[in-house]
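Bear in mind the structure is a predicted one, so any value in this text is a computation, not a measurement. Remember, it's 1-based here, ligands and their atoms both numbered in the order they're listed.
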Amino acid sequence: MKSFQTERWTVDNFEENLIKHPHVIQASLWIKQNEVVALPTETVYGLAGNAQSDHAIARIFEAKGRPSDNPLIVHISDRKQLKGLVSSIPLNAQKLMDAFWPGPLTIVLPKGKDVSEKVTAGLSTVAVRMPNHAIALAVIEASGVPLAAPSANLSGKPSPTTANHVYEDLKGKIPGIVDGGSTGVGVESTVVECTDETVTILRPGGVTFEDLEHVVGTGNVMIDPGIQNEKLAPRSPGMKYTHYAPDAPFVLVDGSPDFLQQLVDKERAAGKKIGILTTDERVDFYRADCVIPAGRRENPETVAQHLYEALRSFNEASVDQIFGEVFPKTGVGVAIMNRLEKSAGGNIIKEQ
Ligand code: TXA
Ligand code: MG
């Protein structure tokens, strides 16, 4: 694999005329050479390359160590770029774009003639989104092409929400990281399929079931059964892989804080170093070797925001095992629990 001195290009998100910022231009020059760079979006950092270049797409898969049957999301800064990218736009897809773009909603549409098979992993559909982040939009615009961008982590690791996380995973493998600070939403975009007038959620995210129903009407939003039932294959190829996993074994605990503490005490008595993933409200309650709050339980958006950072910090603490709390599966809690269940590989202990 080609190696690079991975540079860090700091950009202030609030600066005006970002398209002329020297670091934005630098990133876009690499993209024009069909190399790949990391950049912030409002969800997580992405690893971006020219969506029209098979060379760039190959570099993305190589740097991440991503299985080639997992398609990429194409990021645009202007709806004019949809021409050639998609072959049709159902009315409900149009409504979703009006309501949520720019924003954390990826829409899977019938693929257009200009999209490489490498991007879509041979599927007849393509995933598209317009990120709500000034730096990401400026880099797309400066590059002059739509950008294919998966999350900028090594395949299987938690997605990066800071430039440091990207550096940990991809140093030496990419020419640079546009550093725009911490991302906002913290979990990846909601992915919906909308190839006809039915909207099917393939991956839960910051835009919730209720948000979608509000726009396209009650009864028009489905959830892919494959993301809730282990026995069925999910429709989105990426959802079948183990994901977001910290280094130590991770178990979710569906029960009271007392019950969780008892499980921890037992393992510590056996000499194990234990981590607990909790919330601000309960951080003082627990005794363990490393107790990390992701955010506030009463405000689940803050949990989504810091979830991956919290999962990554257990690696630094070198714990032998992690126990984590569960969350109600409502609103953004659906996305939080989807990611937690994946990082625990489905391991849940239920209090009787
Ligand atoms: O928030 C996000 O979506 C971030 C930022 C960087 O934009 N990107 C991201 O990309 O999460 P990635 O590659 O980590 O996840 C893309 C997901 C995968 O599960 C993939 O299988 C699915 O979208 N996907 C892509 N194209 C698809 C298609 N045509 N049909 C079904 N699923 C698709
Ligand atoms: Mg990813």
Could you tell me if [Y] and [X] have a donor-acceptor pair between their side chains, going purely by distance under 3.5 Å?
X	Y	result
T125	R235	no
E141	S77	no
T200	D224	no
T162	S182	no

Which protein heavy atom lies closest to [atom], and at what distance to 0.1 Å?
atom	value
atom 29 (N) of ligand 1	T125 OG1, 3.0 Å
atom 27 (C) of ligand 1	P71 CG, 3.5 Å
atom 14 (O) of ligand 1	S151 OG, 3.0 Å
atom 3 (O) of ligand 1	S189 OG, 2.5 Å
atom 7 (O) of ligand 1	H75 NE2, 2.6 Å

Practice task
Scan residues 105-117 for pairs that pass salt bridge (Lys or Arg N to Asp or Glu O under 4.0 Å), counting only residues two or more places apart or in two chains.
Solution key: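 Matches after skipping sequence neighbours: none remain.
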Handout entry: I73 neighbourhood, listing ligand 1 atoms whose heavy-atom distance to it stays under 4.0 Å
Key =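 Atoms satisfying the 4.0 Å criterion: 3 (O), 8 (N), 9 (C), 10 (O), 16 (C).
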Problem - Passing candidate, side-chain contact (heavy atoms from CB on, under 4.5 Å) with N153, options R312, E168, H165 - result: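 Among R312, E168, H165, the one that satisfies the side-chain contact (heavy atoms from CB on, under 4.5 Å) with N153 is R312.
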Practice task
Test I177 against every option in V37, L170, V166 by the side-chain contact (heavy atoms from CB on, under 4.5 Å) rule and name the one that passes.
Solution key: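 Result for side-chain contact (heavy atoms from CB on, under 4.5 Å) with I177: V166.
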Using a 3.5 Å cut-off on N or O atoms only, is [X] in polar contact with ligand 1?
X	answer
Y45	no
T41	no
K64	no
P150	no
R235	no
E188	no

Practice task
Check each of G122, P110, A149 against atom 8 (N) of ligand 1 and report the one with the nearest heavy atom.
Solution key: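 The nearest heavy atom belongs to A149.
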Practice task
Output yes when a side-chain donor or acceptor of H75 lies under 3.5 Å from a complementary backbone atom of L147, and no otherwise.
Solution key: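 A pair under 3.5 Å: yes.
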Handout entry: Exam field: side chain E197 to backbone L91, donor-acceptor pair closer than 3.5 Å
Key =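 A pair under 3.5 Å: yes.
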Exercise for the section: Find out whether Y286 and I274 are in side-chain contact, i.e. whether some heavy atom of one side chain is under 4.5 Å from a heavy atom of the other. Expected result: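 SC-SC contact between Y286 and I274 ruled out.
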Practice task
Anything under 30° is parallel, anything over 60° is perpendicular, the rest tilted; go ahead and classify Y308 against Y244.
Solution key: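 Parallel: the ring planes of Y308 and Y244 meet at under 30°.
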Problem - Heteroatom count (protein N, O or S) under 2.8 Å of the Mg ion (ligand 2) - result: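 Number of qualifying protein atoms: 1.
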Handout entry: For ligand 1, the portion of K240 having any non-hydrogen atom under 4.0 Å away
Key =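 Answer for K240: neither.
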Problem - Six-ring centre of F327, R297 cation under 6.0 angstrom, axis tolerance 45° - result: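 Here R297 passes the 6.0 Å and 45° test against F327.
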